[in-house]
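To start, the structure under review is shown below, and the notes come after it.
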There are 2 protein chains.
Amino acid sequence: MFRPIIAASLLAAASPIIAQVHFSPLVDPKVAVLRDEALTGDHYAWDIVEGLTTEVGPRLAGTEAEARAREWAVKRLNAMGFANVRVEPFDMPVWVRGHESAEIIAPFPQPMVIAALGNSGSTGAEGITGDIVAFDSVDALRAAPNELVSGKIVFVDHAMPANQDGSGYGQFGAPRRQGPTVASQKGALAIVIRSIGTDRHRNPHTGVMTFSDGAKPIPAGALSNPDADQLLRILKRGQPVRMKLVLESSNLGTRQSGNVIAEVPGRDPSLTPILVGGHLDSWDQGTGAIDDGAGVAIAAAAAKRIMDAGRPLRTIRIVWFGAEEMGLFGGFDYRAKYGKQPHYALIESDFGADKIWKIDSKLGDARKAEAEAIGKALAPLGIVTGKFDEADGSDIGPMINDGLPGIGLSQDGTRYFDLHHTPDDTLDKIDPAQLRQNVAAWTTVLAVLSGGIEEPKSRKRR
Amino acid sequence: MFRPIIAASLLAAASPIIAQVHFSPLVDPKVAVLRDEALTGDHYAWDIVEGLTTEVGPRLAGTEAEARAREWAVKRLNAMGFANVRVEPFDMPVWVRGHESAEIIAPFPQPMVIAALGNSGSTGAEGITGDIVAFDSVDALRAAPNELVSGKIVFVDHAMPANQDGSGYGQFGAPRRQGPTVASQKGALAIVIRSIGTDRHRNPHTGVMTFSDGAKPIPAGALSNPDADQLLRILKRGQPVRMKLVLESSNLGTRQSGNVIAEVPGRDPSLTPILVGGHLDSWDQGTGAIDDGAGVAIAAAAAKRIMDAGRPLRTIRIVWFGAEEMGLFGGFDYRAKYGKQPHYALIESDFGADKIWKIDSKLGDARKAEAEAIGKALAPLGIVTGKFDEADGSDIGPMINDGLPGIGLSQDGTRYFDLHHTPDDTLDKIDPAQLRQNVAAWTTVLAVLSGGIEEPKSRKRR
């Protein structure tokens, strides 16, 4: 009998009741209402990701398509009523895909499905032909004598699992990140890897890689998972396997990309701003719905919901980063311009649109109570409170490492790497209900961090 | 108490007991044992479909790849110990795919994923560009005035559902089967359809179509479902939509295909044979695992299991039909050569490798008891007995219509049209346990139809 009595007495003072369900007295009822309205009613995020993926589509960093995405973004953010909408341009080296194909020549002639990795060398239109030498991991490739690899087409396999926290991507992404450099250093003609992905479709997963340690660029591509399975079956027959590879690609030199920035001005401009972001660029084969149309949509939708509710004490700064996929160019540009200035918190959404299941934060010991309060406010969304000394995000990662405070809202990544960097990253993969849960979580976090929202007079009068 | 007593008394006379589970006294215990051994132990079917899809891969009708498939088949069927293994060649017109791409030019430039339909006209390498005129069905296209369609690229949509019995394919396949002819007759420049499929991947579904009623061939392609969704979203913005289409394809003239035939000779050659089959050719983009590597594998595996058990009274004739996909050429060739001869039953597997859920038969009124006995023997596999006046199969369909007796074992088609005629038709889509259930069902049917299996002396002596 104890708890109901306490609850009732507190509720009488502060907490609203919706249809006989009592809110936790530990959560500001205004925050709870904003949260629950977003969960059931948000349409801003869907409208943004639907619009961007439909009206722009793929938007590879530094290309004309990414420039159209910036124009679209400026128009949309202005139309939504944000302040200080602007593009902050920066330069970057631009790589683009050309025609690509792979074919087993012997012993069992058949086509395979492949996609060049970002920054791959080009085979030229005529392609190259070579014998396959296969490794189950980059470690195995690294251990191989150069003469085994030299003049061959290297194949590197892996066994990436689908995990909720996406943790397979780090370890099992090595064939893409390190494989091309190691293969090049050992004199390989080219490298093909099993896609860094967890699906079973003929959709190869691209992604960026960089030839480091002076390694000369060689053609580098990813086979779809069913093709990698097929290649392994063919290899297991024990006969030499020859492949023809056409991976045409071009380096276009230095071109312009840019970040798109917009703000909800705070009532006290002297206070440090909250940065909410995602990245505007996408890979070229899908329409960048989960990576990262959803992210820019969630960030802007949450900021818009705060703006609709009134004026926050602190400024909320929306940053739609450019050129994340090719190497965090937008994040580094923002850091160069603003990274020395204090921020109240950095938050980025770049892991799809499935439900958020965990919040981590790194706001510093002095703000532990604030971090805990955010956790309490998120709990009704099914979000567990994780660590207080950890936060991440791709573009914001370097600034968090520099010491700026950050929050990490972790989406469920179980099916993220089925779609990531493939032609299959399209709007239909977004579940509108889970997208709203994301917006609800972000709105909640912003509502707490904002320092209080002053309702507009028109709203008060109602 | 009644049923157990009856069961016990019958079992004492006839039925074997496996680990305390009593078999139905209505089923020949030898048949039950063959069925259950196949269910848990068959490896023949997997070995065939794994071998064919790996060592040959795609095998488009009339091409060099299909010829390699016939060589592979003869070798494999001989190695399995079948008698009278032979190729029966026939001629056919051959169509092959070339380079293909689709692109929205305006208002929102972006690439789309497309595949030419079989017998599509060619755009030539330079492609064609036209405005899209969209219809929700072939009925809507048919009702449109010619001037609305003339000179345009027609898009035809549909809403095919995924059904266990695959029934959506008939009605909702009209855009592929009839759309190109209707569009051509109305003066369309080309036609693109929503893929006749139920998945949400960027894998378009090809399939054959024929320009009839004197319609001149025009380029005809299928967009993947996510691309069709995207095109609709773009169209709904209300601006004119222009598409560039490259569908290069070629007619190679008359080439050779063929059926591969093998037999388990019956003890009494004067009796009519049982035909079991599937088709050896496949579409060119996947490796033809579910369509129809699984089918030829199931048919041959069941025949092999009967042969392993002893000599059937009747001959079992395995037919791996050629060139099914391009128009049942193999089925018509067999019909021309053997269709006037009596057959004891025709059975074909051509609907993937998911579990069989239903048996229909058309053996004639005089054989109703036999048909019922087959149903009883299949029931423990979870197979319902359907109709007694119906059977089907693609290659055998015309002969069943002619009046030859047939049996139809229906596979679960719920996910069949996710994969059908796409690059995604690969080995990993076959569930080995469900494949074994197919073999168990077919072995059961053959065991009953065979007229009794005489065990070899070596087996009897054990």
Side-chain angles (χ1 to χ4, degrees), chain A residues 50-60 63-65 68-69 72 97 99 101 103-104 106-113 199-204 224-237 239 241 282 284-289 418-419 422-430, chain B residues 50-60 63-65 68-69 72 97 99 101 103-104 106-113 199-204 224-237 239 241 282 284-289 418-419 422-430:
Chain A
E50 194 267 356
L52 178 63
T53 58
T54 302
E55 297 173 13
V56 181
R59 42 202 184 278
L60 187 66
T63 66
E64 166 275 336
R68 275 189 284 117
W72 186 95
R97 182 185 312 281
H99 176 65
S101 66
E103 197 181 336
I104 301 290
F108 309 129
Q110 53 190 285
M112 299 210 143
V113 182
D199 63 302
R200 288 273 165 266
H201 296 289
R202 300 290 290 285
N203 285 318
S224 82
N225 277 318
D227 288 280
D229 293 344
Q230 180 82 334
L231 178 55
L232 282 177
R233 279 190 295 268
I234 293 172
L235 285 161
K236 281 177 185 167
R237 261 65 175 177
Q239 301 171 58
V241 178
S282 79
D284 52 347
Q285 299 195 301
T287 61
D418 288 355
L419 306 167
T422 74
D424 247 353
D425 179 2
T426 49
L427 184 65
D428 51 288
K429 309 308 184 302
I430 294 180
Chain B
E50 194 267 357
L52 179 63
T53 58
T54 302
E55 297 173 13
V56 180
R59 42 200 184 277
L60 187 65
T63 66
E64 167 275 335
R68 275 190 285 117
W72 186 96
R97 182 185 313 282
H99 176 66
S101 66
E103 198 181 337
I104 301 291
F108 309 128
Q110 55 190 284
M112 299 211 144
V113 181
D199 64 301
R200 287 275 165 268
H201 297 289
R202 299 291 288 286
N203 284 317
S224 82
N225 276 319
D227 288 279
D229 293 344
Q230 180 82 332
L231 178 56
L232 282 177
R233 279 189 295 268
I234 293 172
L235 284 161
K236 281 176 185 167
R237 261 64 177 179
Q239 301 172 58
V241 178
S282 79
D284 52 346
Q285 299 195 301
T287 61
D418 288 355
L419 306 167
T422 74
D424 247 353
D425 179 2
T426 49
L427 185 65
D428 51 288
K429 308 309 183 303
I430 294 181

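Just so we're on the same page: letters track the sequence lines, and every chain starts at 1. Side chains included, hydrogens not; waters and symmetry mates left out as well; all remaining heavy atoms used.
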ask   = Can you check whether B:Thr426 reaches A:Asp227 side chain to side chain, under 4.5 Å on heavy atoms?
value = no

remark   = Cut-off 4.5 Å, heavy atoms of chain B, and the answer for A:Asp424 is both

ask   = When only pairs under 4.5 Å are counted, which of A:Leu419, A:Leu427, A:Asp229 shares the most heavy-atom pairs with chain B?
value = A:Leu427

message = Quick check for you: to the nearest 0.5 Å, what is the distance between B:Glu55 atom CD and A:Gln110 atom CD?
response = 10.0 Å

inquiry  = For the interface with chain A, which of B:Pro109, B:Pro111, B:Ser224, B:Gly286 has the highest count of heavy-atom pairs at distances below 4.5 Å?
reply    = B:Pro109

task = Please report the closest heavy-atom contact between A:Lys429 and B:Pro226, naming both atoms and the distance.
result = NZ-CG, 4.1 Å

inquiry  = Using heavy-atom distances under 4.5 Å, tell me whether B:Arg59 contacts chain A through its side chain, its backbone, both, or neither.
reply    = neither

key: Partner residues of A:Arg68 under the side chain to side chain donor-acceptor pair (under 3.5 Å) criterion, sequence neighbours left out   = A:Glu64

Reported CG-to-CG distance for the pair B:Asn225 and A:Asp428, which is rounded to 0.5 angstrom = 8.5 Å

query = Which pair of non-hydrogen atoms, one from B:Arg202 and one from A:Gln285, has the smallest distance, and what is that distance?
reply = NH1-O, 3.3 Å

With sequence neighbours excluded, residues passing side chain to side chain donor-acceptor pair (under 3.5 Å) with A:Arg233 = A:Gln230, B:Thr54

